Protein chains: 2
Amino acid sequence: MPGKTDLSTLNCSLARALAAAGDWWTLLIVRDAFLGLSRFGEFRESLGIARNILADRLAALTAEGILRQEGTPRRPRYRLTRKGREMMPALVALMQWGDKWQSEGRPPMLLSDESGEALAKVRVTTRRGKEVSAVRFRPGPGANPRTKEFFERRARNAER
Amino acid sequence: MPGKTDLSTLNCSLARALAAAGDWWTLLIVRDAFLGLSRFGEFRESLGIARNILADRLAALTAEGILRQEGTPRRPRYRLTRKGREMMPALVALMQWGDKWQSEGRPPMLLSDESGEALAKVRVTTRRGKEVSAVRFRPGPGANPRTKEFFERRARNAER
DNA sequence: CTGTATCCTTAAAGATACTG
DNA sequence: CAGTATCTTTAAGGATACAG
């Protein structure tokens, strides 16, 4: 996390996503929650993270609405909310990239929890199902001046 | 980035992915590279990042094989390699999550660069095309003892 | 323009002791 | 067991001056 710059000002959904769940521990905690871990001690053991840091991240994730406390306050379980569960495509895509490009040994395999089948590679397609290999961006209706200016600049600079 | 812990030891493809490209600036640089930015100064202007930090990240991304220098060494362009381009599904999935859960105003829209069509939501499916809403994990052939033990522990703890 | 070299500040992470 | 409270360390990030 940069010392000064507040990335959430960057008017970019990626930056905002990273602001909410973008540090290492946070994503790994979410991964563990997908694995079924829910106890403070389970996360701690799994990640080897310091108590205070873990407490801080769990609180932040709860505040963000990615995790929710369940059960007794004295010994809560942390469970993924819908918002949290919907991070799955991003996590799976990241893992698959890591599998392919950063692994020598075989990593754990991903399986569907319902059917136990192996997962396909995550793909990006158009709404009509056509595979996409490159994307570009267009400012949305709510884009701020800075964003609009960025795209105009880009268009002009396309010359070279 | 945690001060001490080396996440790459965690024998998890997500951790390794994050170790390679997991800090805020790095992912945003990659995003900008997808947008077509390639010059030192372009990244700098786009992100408002300090010179030394940017130089460091570009070097790291180049060392990781995510970016590649092209053109003259005096004034290189930084372009995505195949490894870099294959981060697209993860980036798009993260952006879509950010769009849905972290945006009030409308963010830029993602379009296919070939057809200009809008993108579909990234989905996770089994190899036979069945939609997946939850995943579990199975240790791969190359899993280390620690990983295997983790999964055995998990299985035993499934009781509660 | 694209860096490198320094210096400085801050904050994130770890360790540890303690509490309900 | 699940935290909180301190304290310390480290390193990441920013600013700036300078170089090729």
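Order of the sequence lines fixes the chain letters, A, B, ..., with proteins taken first and strands second; residue numbering starts at 1 for each chain. All values below were derived from every heavy atom in this structure, side-chain atoms included, with hydrogens, water molecules and symmetry-related copies excluded. Fair warning: this is a prediction, and the values are worked out from it, not measured in the lab.
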**Message:** Under 4.0 Å between a side-chain nitrogen and a carboxylate oxygen: does that hold for B:Arg128 and A:Glu117?
**Reply:** yes
**Prompt:** If only atom types and distance count, is the side chain of A:Thr125 paired as donor or acceptor with the main-chain N or O of A:Lys130 below 3.5 Å?
**Reply:** no
**Prompt:** Can you check the B:Leu67 CG to C:dG3 P distance for me, whole Å?
**Reply:** 12 Å
**Complete:** Out of C:dT2, C:dG14, D:dA15, minimum distance to the side chain of A:Ala50 belongs to C:dG14
**Asked** Contact class for B:Pro76 vs. all strands (heavy atom < 4.0 Å): base, sugar-phosphate, or nothing?
**Response** sugar-phosphate
**Item:** Polar side-chain atom of B:Thr81 near backbone of B:Gly65 as donor-acceptor pair, under 3.5 Å
**Value:** yes
**Request:** Let me know the distance between CD1 of A:Ile29 and P of D:dA2, rounded to the nearest Å.
**Result:** 14 Å
**Asked** Between A:Ile53 and B:Arg74, which is nearer to the 5' end of DNA chain C once each is assigned its nearest nucleotide?
**Response** B:Arg74
**Prompt:** Under 3.5 Å, is there an N or O donor on one side and an acceptor on the other linking the side chain of B:Asn52 and the base of D:dG14?
**Reply:** yes
**Item:** Side-chain heavy atoms of A:Ile49 within contact of A:Phe43, under 4.5 Å
**Value:** no
**Prompt:** Under 4.0 Å between a side-chain N/O of B:Tyr78 and OP1 or OP2 of C:dC1, yes or no?
**Reply:** no
**Message:** Check A:Glu86 with B:Lys100, please: is the shortest side-chain N to carboxylate O separation under 4.0 Å?
**Reply:** yes
**Prompt:** To the side chain of B:Ala55, which of D:dT4, D:dA2, C:dG3 is closest?
**Reply:** C:dG3
**Item:** Phosphate-side-chain proximity, B:Arg75 and C:dC1, N/O vs OP1/OP2 below 4.0 Å
**Value:** no
**Request:** Would you kindly give the CG-to-P distance between B:Leu37 and C:dT2, to the nearest whole Å?
**Result:** 12 Å
**Fill in**
note: B:Arg44, atom CZ; D:dT16, atom C1'; distance rounded to Å ~ 11 Å
**Request:** Give the rounded distance in Å between these two atoms: CD of B:Glu45 and P of C:dC1.
**Result:** 10 Å
**Asked** Among C:dT2, C:dA15, C:dA13, which is the nearest nucleotide to the side chain of B:Arg51?
**Response** C:dT2
**Message:** Report for the helix from C:dC1-D:dG20 to C:dG20-D:dC1: angle between first-end and last-end helix axes, five pairs each, rounded to 10 degrees.
**Reply:** 50°
**Message:** Under a plain distance cut-off of 3.5 Å, with no hydrogens placed, do B:Thr62 and B:Gln69 share a side-chain donor-acceptor pair?
**Reply:** no
